[in-house]
Amino acid sequence: CFYVQVSLNDRPELCQTPVGITQQNIVVTCNYEAREYGVNKLMRISDALKVCPNLTLINGENLTPFRNASQNIIQIVQNIVPNSPIQKTGLDEILIDLTDSIKQEMETESLKNKMDFQFHGKLAFYENLSDSEKCLSNETDFLLNTNTENALYYIRASQIMHSIRKCIFDSTQWTSSAGISNSILLAKYAANYSKPNAQTTIFSGTENQNHYNWNLNFLINSLDKYIATKPLQSVFGIGSKFVGKMHEKFPKIKNLGHVRSVSKLCVLENFKNDHMHHKTIEILCEACYGNDSRVVESNVGESIPKSMSEECALKGVFCVNDARKVIFELVSDLIQRLDEFSGNVNIYERIESVVIGLRYGIEYKDQKMIRKQIPPPLELKSDRNSEFKLNLLGNRMCKLLQDLIPTFPLNMQSSSTHKLTKIMIGIARFRQDKSMNTHDHPSNNSLHQWVSSTERKSPEVTGEPIPTPVISSSSNSCPICGVDLSSIPNNEQLNFHIDQCLLRSKASSNSTRTSIQKRRQRSLLDYGIVETKKSKR
C-alpha cells in the first residue's frame with residue numbers, strides 16, 4: 001500500500017505489522033498485513049479495531065507527504081523513459097505508454113541486436129499449464145513460441161517495468177506492482193492479478209493471429225475466460241447507479257461474460273429513454289471482449305493543473321464559527337499548494353473560478369450535497385503575502401457558506417437544524433492557455449478566449465470606450481460578489497467582471513437575457529460608467 005509505505009518512512013519499526021491510514025473516523029486504506037485480519041478500505045475505525053485489535057492507526061489527513069512521494073516516483077519514471085507518455089491517474093497510480101519507445105528500439109538494428117530477450121515478472125495464465133507442459137518451456141520461450149512480433153514488445157516492456165520498479169525500491173525502499181498489456185483496461189487487470197510487489201503481463205492477441213499456434217490460442221482463450229468473470233464495475237466509467245439499472249432490466253447479468261449473451265441493440269433498446277447511459281453501454285459492450293479505446297494522455301509535464309481542492313469530513317459542525325475554523329485550515333492548505341507553483345508560473349492569474357462544497361443534514365439519509373462556484377477575488381495575486389490571501393479567500397468562503405445555508409446559526413445552539421459533515425474548498429478551473437504571459441494581467445484577447453471556451457457570451461457594449469473607469473466615491477466594491485473594483489486597470493476588464501458576475505449569479509433562476517442587461521446597466525451606473533448604444537434605423 002503506497003500510503004502506508006510513505007507513512008512508515010519515519011516509523012520503520014511498524015513494518016510487517018497491521019497499519020491503517022485514517023481520516024476523521026474512517027480507515028481510508030491499510031496494508032496487506034491488516035487486510036489479513038479483515039480490515040478493509042473505508043472501514044470505520046471502531047469496526048477495524050474489533051477485527052484487528054493490534055491495528056496501528058496513522059493520521060493521513062495531511063496529503064503533502066503523499067503528493068511529494070508521488071512526484072518523486074514520477075521523476076524516477078521520467079528519468080528511465082523520458083520520451084514515453086505518462087499519465088497520472090492518482091497519487092498512487094500512473095499509466096505509461098511504451099509503444100513508441102520500444103518500436104524505435106526495434107527499428108534500430110544496433111539496439112535490437114544488443115537486446116537480451118529475457119522476460120521479467122509473471123505471464124498471466126501460465127500457471128494454468130500442467131507441470132509437464134511447463135517443463136517444455138519457460139515463460140520467455142512460451143511467449144516467443146507464439147511466433148508473433150508482439151511477443152518481443154511484451155518481453156521488452158517487462159524489462160523496462162522491472163528496471164522502473166527496481167529503481168523505485170532502491171531509491172525509496174517502497175515496493176510496487178505493475179501490469180503490462182496492450183490496453184489500459186487489460187493493464188489494470190494485470191496489475192491486480194498478483195499483488196503485492198509483483199508485475200504481471202497479460203498477452204492479448206492480434207488481428208492476424210495464427211489460429212494454428214497452440215501457445216497463442218491458449219493465452220487468448222484463457223484471457224477470454226478471465227474477462228468473463230470480471231464484475232461490471234471493474235470497467236472504467238461503470239458506476240453503481242448504472243449497474244443497479246442493468247440489474248433491474250437484466251437480472252441475470254452479473255459479470256462481463258453475461259453481457260456477451262445480450263446484444264448491444266437489445267441493451268440500447270431497454271435504455272432508449274435514458275440517453276445519458278448510451279455511451280456507457282458502448283464502453284461496456286466493448287470491454288466485455290477486452291477492448292478499450294482509451295489512450296494514455298500525458299499530463300505529468302503540465303505545470304498547470306485542471307483543478308485543485310482540499311476537503312475534510314466532519315463528525316458534525318453545528319454553527320458558522322466552528323465551520324470557519326475548518327474553512328480557514330482548508331484554505332491555508334490550498335494557498336500553500338498554490339504557492340508551490342508560483343516559482344515557475346503565476347498560477348493565481350490563471351484561476352477562473354473558486355468553489356465550495358458542503359454536505360449537511362442531521363440524519364445521514366437526509367444529508368444533502370451542495371456546491372457553488374464564483375469568480376476569484378481580484379486581489380488574489382501571487383505577490384500578496386500568505387496571510388492576506390488566507391484572510392481574503394477564507395472570508396469569501398465563509399460568506400458563501402452563509403449564502404448557501406442562510407439558516408445556519410452563527411453560534412452553537414442546542415437545537416440546531418443543520419449539521420455540516422463535509423467541507424470542500426478548491427479551485428474549480430484553471431486557464432490552460434499556455435501562450436499567455438503568466439506574469440502579466442490577462443489581455444482583452446485572452447479574456448475573450450476564456451469566455452468563448454466556457455460557451456458564455458457577454459452582453460455587447462457599443463459606442464466609444466471610456467479611457468479610464470470612473471468609480472463612484474460612495475462605493476468601490478462589486479454589488480454582486482463584493483470584490484474591491486478600484487484595482488481594475490481598465491474599463492474593458494471592469495465590464496467583463498460585472499458581466500461574469502451577473503451571468504454566474506443564480507439569485508433568480510428565471511432571469512432572462514433582458515433582465516441581465518438591465519441589471520448590468522444598473523451596476524455600471526453605480527460606478528459612473530455610461531454606455532452609449534447605436535440607435536436602430
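Between the side chains of Q87 and S298, no donor N or O sits under 3.5 Å from an acceptor N or O. A donor-acceptor contact closer than 3.5 angstrom is absent between the side chains of S181 and S183. Looking only at atom types and distance, the side chain of S101 has a donor-acceptor partner in the side chain of S84 under 3.5 Å away. A donor-acceptor pair shorter than 3.5 Å can be found between the side chains of Q75 and N79.
Nearest heavy-atom pair across L256 and S234 is CD1-OG, 4.4 Å. Nearest heavy atoms, R294 versus L185: NH2-N, 4.0 Å. Across all non-hydrogen atoms, the minimal contact from I220 to S204 is CD1-C, 3.8 Å. The two atoms that bring I427 and L334 nearest to each other are CD1-CD2, 4.2 Å, heavy atoms only. Smallest separation of non-hydrogen atoms from N145 and S137: ND2-CB, 4.4 Å. Minimum interatomic distance between P65 and V6 (heavy atoms only, all atoms of both residues): O-CG1, 3.9 Å.
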Verdict with reasoning, I86 to L95, per side chain to side chain contact (heavy atoms under 4.5 Å, CB included): CA-CA 6 Å; I86 302 172; L95 302 172; over 6 Å; no

Can F125 and F218 be said to form a ring-ring contact (aromatic ring centres under 6.0 Å, His included), step by step? CA-CA 9 Å; F125 321 121; F218 169 80; 7.7 Å; no

Go through it in stages, so that I can follow the logic: the residues are L186 and L223, the test is side chain to side chain contact (heavy atoms under 4.5 Å, CB included), and I'd like the CA-CA distance, side-chain angles, deciding distance and then a yes or no. CA-CA 10 Å; L186 295 182; L223 174 59; 4.2 Å; yes

The test is side chain to side chain contact (heavy atoms under 4.5 Å, CB included); show your working for I21 and C30 and say whether it passes. CA-CA 6 Å; I21 306 300; C30 59; over 6 Å; no

Set out, in order, the CA-CA distance, both residues' side-chain angles and the distance that settles side chain to side chain donor-acceptor pair (under 3.5 Å) for T201 and S158, then state yes or no. CA-CA 7 Å; T201 297; S158 74; 5.5 Å; no

Is there a side chain to side chain contact (heavy atoms under 4.5 Å, CB included) between F271 and M246? Walk through the geometry before answering. CA-CA 9 Å; F271 282 88; M246 280 291 289; 3.6 Å; yes

Do S332 and E329 pass the side chain to side chain donor-acceptor pair (under 3.5 Å) test, and can you show the C-alpha distance, the side-chain angles, and the key distance before you say yes or no? CA-CA 5 Å; S332 177; E329 289 177 0; over 6 Å; no

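Taking the six-membered ring for Trp and thresholds of 30 and 60 degrees, F66 and Y3 have ring planes more than 60 degrees apart, a perpendicular arrangement. Ring-plane geometry between W174 and F2 is classed as perpendicular, the angle between the planes exceeding 60 degrees on a 0 to 90 degree scale with a lower cut at 30.
Under the 4.0 Å criterion applied to side-chain N and carboxylate O atoms, K88 and E93 are not assigned as salt-bridge partners. No salt bridge links K279 with E286; every basic N to acidic carboxylate O contact stays at or beyond 4.0 Å. A salt bridge links K264 to E282: one of the charged nitrogens lies within less than 4.0 Å of a carboxylate oxygen.
Residues I45 and L49 have side chains in contact (heavy-atom distance under 4.5 Å, counting atoms from C-beta outward). Using a 4.5 Å cut-off on side-chain heavy atoms (C-beta onward), Y154 and L123 make no contact. Between R260 and D224, some side-chain heavy-atom pair lies under the 4.5 Å cut-off. Contact check for P231 versus N255: no side-chain heavy atoms found under the 4.5 Å cut-off. Contact annotation: the side chain of I227 never approaches that of Y289 to less than 4.5 Å [non-hydrogen atoms, C-beta and beyond]. Put simply, the side chain of K103 reaches to within 4.5 Å of the side chain of Y153, judged on heavy atoms. A heavy-atom distance below 4.5 Å is not found between the side chains of R35 and N31. Side-chain contact between L8 and C15: present, with at least one pair of heavy atoms (C-beta onward) separated by less than 4.5 Å.
Applying the 6.0 Å contact sphere to NZ of K249 captures more than 12 heavy atoms from other residues, nucleotides or ligands. K166 NZ: 12 or fewer foreign heavy atoms inside a 6.0 Å radius. Within 6.0 Å of NZ in K254 there are more than 12 heavy atoms belonging to other residues, nucleotides or ligands. Within a 6.0 Å radius of CD in Q173, other residues, nucleotides and ligands contribute more than 12 heavy atoms.
A cation-pi arrangement, defined by a distance under 6.0 Å to the six-membered ring centre and an angle within 45 degrees of its axis, is absent between K195 and Y32. A cation-pi arrangement is absent between K122 and Y193, since the terminal nitrogen or guanidinium carbon is not both under 6.0 Å from the aromatic centre and inside a 45° cone about the axis.
One N or O on the side chain of T140 and one on the backbone of F119 form a donor-acceptor pair closer than 3.5 Å. Of the possible polar contacts, none joining the H120 side chain to the M161 backbone as a donor-acceptor pair under 3.5 Å is found. A donor-acceptor distance shorter than 3.5 angstrom exists from the side chain of Q23 to the backbone of G60, with no hydrogens or angles considered. Judged by distance alone, with hydrogens and angles left aside, the side-chain atoms of H162 form no donor-acceptor pair with the main-chain N or O of G121 at under 3.5 Å. A donor-acceptor pair under 3.5 Å links the side-chain atoms of T17 to the main chain of L14, judged by distance alone. Between the S163 side chain and the Q159 main chain, a donor and an acceptor come within less than 3.5 Å of each other.
Residue R165 is tested with T175, D170, N197 for a side-chain hydrogen bond (donor to acceptor under 3.5 Å, both in side chains); the sole match is N197.
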